[in-house]
Undergrad: 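Before I ask anything, let me first share the structure, which is written out below as structure tokens.
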Protein chains: 2
Amino acid sequence: MFSKSCEYAIKAMIFVAQKSKDEARVSLKEIAKGTDAPEHFIAKIMQELGRKRLVQSIKGPNGGFYMTEKNLQTSITDIVKAIDGDKLYLDCVLGLKACSEVNPCPVHFEYKEIKRNLIKMMDTNTIGKFNEKLDSGSFFLKNL
Amino acid sequence: MFSKSCEYAIKAMIFVAQKSKDEARVSLKEIAKGTDAPEHFIAKIMQELGRKRLVQSIKGPNGGFYMTEKNLQTSITDIVKAIDGDKLYLDCVLGLKACSEVNPCPVHFEYKEIKRNLIKMMDTNTIGKFNEKLDSGSFFLKNL
DNA sequence: AAATTAAAAGAGTTTTTTATCTTTTTATAA
DNA sequence: TTATAAAAAGATAAAAAACTCTTTTAATTT
Ligand code: SF4
Ligand code: SF4
């Protein structure tokens, strides 16, 4: 569904949110370790997320990544669109061209409902909410 | 969600089912044209589907691909598993390790329901049903 | 039986994705 | 104000996916 880069991005965003309370910085090394991603690969991804202002970064000694209140409002959708683009939102599984509401393929209405739910989930689940649920202790992220 | 190969496979299966009533054969060229896929690429895919007996093939003059009654009972799931394997069914979107019902991540229950619906759709929609709906005229496959 | 047709099989090539390595820039601290 | 720490940027490299070309095998038709 998502590219590997995108999976890492989601994990990294959650990881930074978890580790960086009160603007404490999280280093690339920690992120790489915490998300089980290759260090230089996750570096590229963090750069992209940083460029798109989904996360804050500071160079130099004691530098690293952290999140603002606004960053915590980032949804899964925001991350996916930043890394994989919006093809997941625009395209259909079947990859058919020229189909529409008036000319639907046999699975259109079933599929549409599933997709609607999926997108709703990705739109409404923000990093911040994710974080709160984790903090509450009823949810977990083993081997994040 | 699916690989390109898998999308072609689904389209090709539907195309063959539509074109080959009463064991009439459909040639690779026709399939390539009908599915908008590169001829030699779809050839490989048809070979694989043939090897796994999801479609029948006959060589030589007047040869080509066709479907038996049993082939028409092939579900989307069968095609996906034949081409992409079952990672879509086993893995989670988030790609987290070591998560479970007792240690669920914050989106687990929401996601589980969506996945259940998606798999149900793929399990229950067979090429034959797809075909019937198309024949009935209330559904379409423009630019299949 | 020979010629022909069409898929199967095998062997590339190209493109995209994933991953790694090196150099540069920026901020901090001594 | 120099040394250092850490991210940004740039350049490769490896692996996987998508696509192409060539040869072989198996039917069919003449
Ligand atoms: S009709 Fe709907 S479900 Fe079918 S291919 Fe088009 S967008 Fe997808
Ligand atoms: S807990 Fe459930 S939803 Fe979350 S990563 Fe694991 S399988 Fe996926």
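Note: hydrogens, waters and symmetry copies are ignored here, and every other heavy atom, side chains too, is used. This one's a predicted model, so the numbers in the text were calculated from it and none came from an experiment.
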Undergrad: How would you list, by chain and number, every residue that makes a salt bridge (Lys or Arg N to Asp or Glu O under 4.0 Å) with R53(B), sequence neighbours excluded?
TA: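 For R53(B), no residue satisfies salt bridge (Lys or Arg N to Asp or Glu O under 4.0 Å) once neighbours in sequence are set aside.
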
Undergrad: Which pairs, with at least one residue in residues 19-50 of chain B and sequence neighbours excluded, count as a ring pair (Phe, Tyr, Trp, His ring centres under 6.0 Å)?
TA: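 Passing the test, one end in residues 19-50 of chain B: Y8(B)-F41(B).
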
Undergrad: Hey, is the side chain of S5(A) poking within less than 4.0 Å of OP1 or OP2 on dT17(C), counting only N and O atoms?
TA: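 The answer is no; no side-chain N or O of S5(A) sits under 4.0 Å from OP1 or OP2.
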
Undergrad: Kindly state which residues belonging to residues 80-88 of chain B come within less than 4.0 angstrom of DNA chain D, counting heavy atoms of the residue only, listed by number.
TA: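 The answer is none.
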
Undergrad: Side-chain donor-acceptor pair under 3.5 Å between E110(B) and N125(A), yes or no?
TA: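 A donor-acceptor contact under 3.5 Å links the two side chains.
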
Undergrad: Looking only at atom types and distance, does a side-chain atom of K11(B) sit under 3.5 Å from a main-chain N or O of I31(B), one as donor and one as acceptor?
TA: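 Not a single qualifying donor-acceptor pair exists.
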
Undergrad: Mark up nucleotides 5-13 of chain C, 5' to 3', with B wherever a protein heavy atom is under 4.0 angstrom from a base atom, S wherever such an atom reaches only the sugar-phosphate, and - elsewhere.
TA: BBBBBBB--

Undergrad: Does a nitrogen or oxygen in the side chain of K4(B) sit under 4.0 Å from OP1 or OP2 of dC19(D)?
TA: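 Checking K4(B) against dC19(D): at least one side-chain N or O falls below 4.0 Å of OP1 or OP2.
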
Undergrad: Is it true that K4(B) and E7(B) make a salt bridge, defined as a side-chain N closer than 4.0 Å to a carboxylate O?
TA: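 Salt bridge between K4(B) and E7(B), a charged N being under 4.0 Å from a carboxylate O: no.
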
Undergrad: In this structure, how many angstroms lie between the P atom of dT18(C) and the CD1 atom of I45(A), rounded?
TA: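 Roughly 8 Å, once rounded to whole Å.
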
Undergrad: To which residues is I58(B) joined in a hydrophobic cluster, defined by side-chain heavy-atom contacts under 4.5 Å among Ile, Leu, Val, Met, Phe, Trp and Tyr, whether direct or through other members?
TA: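 Listed partners: Y66(B).
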
Undergrad: Starting at atom CZ of R25(B), determine the distance to atom P of dA26(D), rounded to an integer number of angstrom.
TA: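 To the nearest whole Å, that distance equals 17 Å.
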
Undergrad: Rounded to whole Å, please give me the gap between OH in Y66(B) and P in dA27(D).
TA: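 Atom OH in Y66(B) sits about 11 Å away from atom P in dA27(D).
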
Undergrad: Are any of Y8(A)'s side-chain N or O atoms less than 4.0 Å away from OP1 or OP2 of dA19(C)?
TA: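 Checking dA19(C) against Y8(A), a side-chain N or O does come within under 4.0 Å of OP1 or OP2.
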
Undergrad: Nearest whole Å is fine: how far is dA19(C) P from I42(A) CD1?
TA: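 Distance, rounded to whole Å: 10 Å.
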
Undergrad: Grab the CG-P distance between D36(A) and dA19(C) for me, whole Å please.
TA: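 In whole Å, dA19(C) P and D36(A) CG are 11 Å from each other.
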
Undergrad: For F41(A) and dA11(D), what is the distance between atoms CZ and P respectively, to the nearest whole Å?
TA: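 Nearest whole value for this atom pair: 19 Å.
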
Undergrad: Would you say T68(B) and N71(B) are linked by a side-chain donor-acceptor pair, where the criterion is simply a distance under 3.5 Å?
TA: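 N71(B) vs T68(B): donor-acceptor pair found between side chains.
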
Undergrad: How would you list, by chain and number, every residue that makes a salt bridge (Lys or Arg N to Asp or Glu O under 4.0 Å) with E48(A), sequence neighbours excluded?
TA: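 Salt bridge (Lys or Arg N to Asp or Glu O under 4.0 Å) list for E48(A), sorted by chain: R51(A), K52(A).
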
Undergrad: With rounding to the nearest 0.5 Å, note down the distance linking CD1 in I10(A) to OG in S5(A).
TA: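 If we round to the nearest 0.5 Å, I10(A):CD1 and S5(A):OG are 11.0 Å apart.
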
Undergrad: Please give, in whole Å, the distance from dA19(C) C1' to E7(A) CD?
TA: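 Answer to the nearest Å: 16 Å.
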
